[in-house]
Amino acid sequence: MSVFADNQVPQPVLHAIEQALESPDFVGDLTMQSEKVKRCLAANGEVYAVIDPVTNGFAEMVGYDNQVFSVPLYNARGQHKTLDTNGFELVTPSTPFPAQIDFTNDVDIMTQYYPLIADFVRHHLGAYKVVPFNHYVRSGAATLKYEVQNGQRIGGPATFMHGDYALLGAPRRRDNFTLPPPDHDTFKILNGERPLIHAAEMTEDLRHRRFAIVNFWRNLADEPLVDMPLCFCDETTNTADDYVAVEFRYTDRVIETYLAGYAPRQRWYYVPQMVKEEGLLLKTFDSQGRWAEEYAQQHPEYADTVFHPQEPVVPATSVLHGAVKDPRVAADVAPRRSIEVRMMVFY
């Protein structure tokens, strides 16, 4: 029950609330691409990185112009942002945190954690089918080289702003699910030569549906997360000029993803003191997103295989995100420990 008569909040209180929502919590240093780098929604071969097969880091970077920009960071709590409109959404699953799972063990994560998250996401988004296919455990205490614990690679936070899947990379990832998992794929441990999705199901059904790639990001520590929180750009403040398609060239494959191009109009958010009972949904691709629509208008073959003109278009396509250091946080705080699970979501 409101303490104010007739549920009317006094104007000074409303003004104070609005000011709090409009004021940034802090200014963070975000690594993004300068205006010297050509913006593009699909890779053109001019910007790429050669991936070291041992460290999984960058052995060579071509066409980049990494610069650090001082960017205001706003509190996402209480903002009612949604996955389809803004590209991110703070959620609280109804099931308790699965404390029995060993999050340093790939098999435990895939056999116990994946089903819990997939079931939640399917119901929350009203999806037809959800297929978890990848995960990363990250620690603020990890070095740039991946540490190995019980088969799970533990990496440091990703401190450059990026989007996980570009317009051509995401459909390729979807279609490759009908092939046996390659040696580098985590699912090889469980599936062997068995694909994640049968070719007939993909051809006859799933390939004709809207699909998205969604991350479920979570704090794994008992304490609220303050070290290197995840930040993300509200897609309603983006234009196509904020995306730089880049190729990650591995020894056996090429992945197309995005680097973030800086623009002052962008608004970046984070979730302060995120607890392990919460989760953050990040949309890293949507076949009905506005950038997919724009690309399909110029490339009709894209409309045949990815974007469906007869279906509604949503604003969010690929949210730009990365880790940020909060300058207000003491140097001796507990290092961040988090997990992100990537899922193919079919509607």
Side-chain angles (χ1 to χ4, degrees), residues 30-34 36-67 87 133-138 142-148 152-177 179 181-188 196 212-215 217 230 232-233 240 242-262 282-287 289 291-292 295 306 317-323 340-344:
L30 304 188
T31 300
M32 290 187 267
Q33 301 306 298
S34 77
K36 297 178 182 178
V37 182
K38 182 180 179 180
R39 308 303 202 250
C40 50
L41 289 173
N44 55 20
E46 297 179 13
V47 184
Y48 64 88
V50 178
I51 307 300
D52 187 306
V54 177
T55 66
N56 214 37
F58 298 150
E60 181 183 9
M61 300 168 67
V62 176
Y64 286 63
D65 187 36
N66 292 330
Q67 290 194 16
F133 63 89
N134 197 342
H135 64 271
Y136 286 97
V137 175
R138 300 186 189 273
T143 61
L144 289 178
K145 287 182 67 173
Y146 278 89
E147 301 170 356
V148 177
Q152 169 62 48
R153 295 183 305 168
I154 310 294
T159 53
F160 62 97
M161 303 303 112
H162 65 283
D164 291 353
Y165 288 94
L167 289 179
L168 301 183
R172 191 178 304 126
R173 190 68 163 119
R174 175 200 64 183
D175 295 344
N176 284 345
F177 285 165
L179 304 175
D183 291 338
H184 64 262
D185 200 312
T186 308
F187 250 103
K188 185 85 169 183
L196 276 176
I213 300 179
V214 175
N215 291 4
W217 195 95
L230 194 70
F232 27 89
C233 187
D242 298 345
Y243 294 83
V244 178
V246 57
E247 294 177 340
F248 286 176
R249 299 179 178 179
Y250 293 80
T251 55
D252 59 345
R253 67 197 189 280
V254 175
I255 292 176
E256 188 176 320
T257 181
Y258 284 127
L259 300 173
Y262 171 72
L282 296 172
K283 188 198 290 186
T284 58
F285 179 77
D286 195 321
S287 63
W291 308 138
Y295 190 78
V306 182
T317 308
S318 181
V319 68
L320 300 170
H321 60 282
E340 60 208 74
V341 174
R342 295 177 178 175
M343 293 161 282
M344 191 72 69

Check your understanding: Among all residues two or more places apart in sequence or in another chain, which pass the ring-ring contact (aromatic ring centres under 6.0 Å, His included) test with Tyr48?
Key -> none
Do [X] side-chain atoms and [Y] backbone N/O form a donor-acceptor pair below 3.5 Å?
X	Y	value
His162	His321	yes
Thr31	Gln67	no
Thr257	Asp164	yes

A side-chain contact here means heavy atoms from C-beta on lying under 4.5 Å apart; do [X] and [Y] qualify?
X	Y	result
Arg342	Tyr136	yes
Val50	Phe248	no
Lys38	Asn44	yes
Asn66	Phe160	no
Tyr64	Val47	yes
Thr317	Tyr295	no

Check your understanding: For the rings on Phe187 and Phe133, is their centre-to-centre separation under 6.0 Å?
Key -> no
Point to revise | Tyr165 and Tyr258 aromatic centres sub-6.0 Å | key: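 Ring centres of Tyr258 and Tyr165 not closer than 6.0 Å.
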Check your understanding: Charged N to carboxylate O below 4.0 Å: is that the case for Arg249 and Glu60?
Key ->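 Here Arg249 does not pair with Glu60 in a salt bridge, since their nearest N and O are not under 4.0 Å apart.
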Point to revise | Pairing of Asp185 and Lys188 as salt bridge, 4.0 angstrom limit | key: no
Practice item. Any chance you could lay out the salt bridge (charged side-chain N to carboxylate O under 4.0 Å, His left out) test for Asp286 and Lys283, step after step, and finish with the verdict? Key: CA-CA 7 Å; Asp286 195 321; Lys283 188 198 290 186; 2.8 Å; yes
Exercise for review: Applying side-chain contact (heavy atoms from CB on, under 4.5 Å), run through Arg173 and Asn134 and close with a yes or a no.
Suggested key: CA-CA 11 Å; Arg173 190 68 163 119; Asn134 197 342; 4.1 Å; yes
